Amino acid sequence: MKFDFKPDSRPLVLGIVNVTPNSFSDGGQFFDTSRAIDHAFELRAEGADFVDVGGESTRPGAEPVPASEELDRVMPIIEALVRERVPVSIDTLKPQVMRAAIDAGCAIVNDVNAFRAEGAIEAVADTDVGLIAMHMQGTPATMQANPHYDDVVAEVSRFLMQRAMALEEAGVAPERIVLDPGFGFGKTLEHNKTLFRGLPALASLGYPILVGLSRKRTIGEITGQPVEERVIGSVVAAVLAVQNGARLVRVHDVRETLDALNVWWAFKAERNP
Ligand code: HH2
């Protein structure tokens, strides 16, 4: 299953399956393998273009898990999905997990660490999978302690361009690269707001932009809602993100997000199918 991003297509939706006991928004809910597989098929049936499978939480304060444990969590799910020809994205920052997932047939590697780990670029360069490189200041364990930027849009743009260049220098075709400003990863609410308004500038870097705000703390801070009541806020954020230039969104609530995006897409332009 290849990553074949068409610049003129409607925005793509990645449905999230976290196989972790501690993810912030669906923590523990899909930790059990068979439930995670059922949930992944459900998201696909609801219209997710890709199912993004993650076995290590990156919530603020989360501690890393060993590669062997992460593999045990994600591989059965990836294999079950690939068997049924569901396009899969693997959410990992470990080269070992990237390689195993690609060998199993993943279409995308989604790395919140933007392929900075030793061996990460080598693990993905000589393949044909899509690559999502995300900006993060610090590490999940420490990133929300005291994030600081002089100019968040400029600094995130510069970082993402550097990572895109590093991938291209290793032989990655630009069509395989997606960039992500990393909402909530070492950013305050104010940083996230400024970055959101800067999405047109990020989109002008020349790579498709992915936005992940689904059910995040930022949505809670704006709406005052607990995590299970953030669907409407998240859907509005997804629509505004694509309106501002994002081409992919990573979401928990696929059906609701797609309803909104389809209405936006239908009303927006004359060249729609
Ligand atoms: N956010 C999370 C995880 N992976 N990948 C990309 N590309 N962009 C994001 O914004 C992003 C991501 C964190 O959200 P979630 O998966 O809901 O929680 P957790 O990391 O606790 O599993």
Side-chain angles (χ1 to χ4, degrees), residues 14-31 36 52-74 77 89-98 100-101 108-121 123-124 131-149 152 155-156 159-160 162-163 166 178-196 209-221 226-227 230 234 237 248-252:
L14 275 68
I16 302 169
V17 174
N18 286 315
V19 206
T20 57
N22 57 340
S23 287
F24 80 90
S25 59
D26 51 10
Q29 232 181 313
F30 306 111
F31 192 40
D52 189 45
V53 180
E56 176 177 65
S57 178
T58 48
R59 69 183 296 173
E63 293 295 337
V65 298
S68 56
E69 193 170 330
E70 196 179 328
L71 284 166
D72 287 346
R73 292 178 183 179
V74 297
I77 296 151
S89 155
I90 174 70
D91 185 345
T92 187
L93 40 75
K94 296 194 187 72
Q96 195 181 336
V97 178
M98 293 176 187
I108 297 179
V109 174
N110 171 25
D111 183 0
V112 298
N113 197 32
F115 305 93
R116 285 180 292 170
E118 198 183 329
I121 290 190
V124 299
L131 303 175
I132 301 170
M134 196 197 80
H135 175 274
M136 163 165 59
Q137 186 178 88
T139 64
T142 60
M143 64 193 181
Q144 290 307 109
N146 189 19
H148 173 81
Y149 302 83
V152 67
E155 288 168 49
V156 169
F159 171 87
L160 291 175
Q162 281 166 357
R163 297 317 298 156
V178 172
L179 302 178
D180 178 347
F183 286 101
F185 283 82
K187 285 136 193 136
T188 63
L189 173 61
E190 281 314 307
H191 294 142
N192 288 325
K193 286 193 205 168
T194 308
L195 210 42
F196 197 94
I209 300 294
L210 180 145
V211 164
L213 270 165
S214 182
R215 299 189 194 170
K216 280 188 179 167
R217 182 191 299 180
T218 298
I219 304 294
E221 285 171 335
V227 84
R230 294 180 190 162
S234 302
L248 304 93
V249 289
R250 178 182 177 277
V251 304
H252 299 86

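These numbers were taken from a predicted model, which means no experiment stands behind them.
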Value rounded to 0.5 Å, distance of CD1 in I132 from CG in L179: 10.0 Å

Trace of the side-chain contact (heavy atoms from CB on, under 4.5 Å) decision for R163 with R116: CA-CA 8 Å; R163 297 317 298 156; R116 285 180 292 170; 3.6 Å; yes

Residues in salt bridge (charged side-chain N to carboxylate O under 4.0 Å, His left out) contact with D180, at least two apart in sequence or another chain: none

pair M143-P60: side-chain heavy atoms closer than 4.5 Å: yes

Nearest-0.5 Å distance that lies between atom CZ in R250 and atom CG in L213: 11.0 Å

Spatial distance of atom CG (L71) from atom OG1 (T92) [nearest 0.5 Å]: 8.0 Å

Residues in salt bridge (charged side-chain N to carboxylate O under 4.0 Å, His left out) contact with K94, at least two apart in sequence or another chain: E56, E70

Separation of N18 CG from D91 CG (nearest 0.5 Å): 7.0 Å

Separation between CG of L189 and NZ of K216, rounded to the nearest 0.5 Å: 13.5 Å

Residue pair V65 / G55: nearest heavy atoms and the distance that separates them: CG2-O, 3.9 Å

Residue pair T58 / V112: nearest heavy atoms and the distance that separates them: CG2-CG2, 3.8 Å

Step-by-step side-chain contact (heavy atoms from CB on, under 4.5 Å) determination, Y149 to K187: CA-CA 9 Å; Y149 302 83; K187 285 136 193 136; 3.5 Å; yes

Short side-chain donor-acceptor distance under 3.5 Å, T194 and H191: no

side-chain contact (heavy atoms from CB on, under 4.5 Å) between L131 and D111, worked out: CA-CA 8 Å; L131 303 175; D111 183 0; over 6 Å; no

Residue pair L210, L14: steps toward the side-chain contact (heavy atoms from CB on, under 4.5 Å) verdict: CA-CA 9 Å; L210 180 145; L14 275 68; 4.0 Å; yes

Partners meeting salt bridge (charged side-chain N to carboxylate O under 4.0 Å, His left out) with E190 (sequence neighbours left out): K193

Gap separating the NE2 atom of H135 from the CG atom of L195, nearest 0.5 angstrom: 8.5 Å

Closest approach of F183 to N192 (non-hydrogen atoms, all atoms of both residues): CE2-O, 3.3 Å

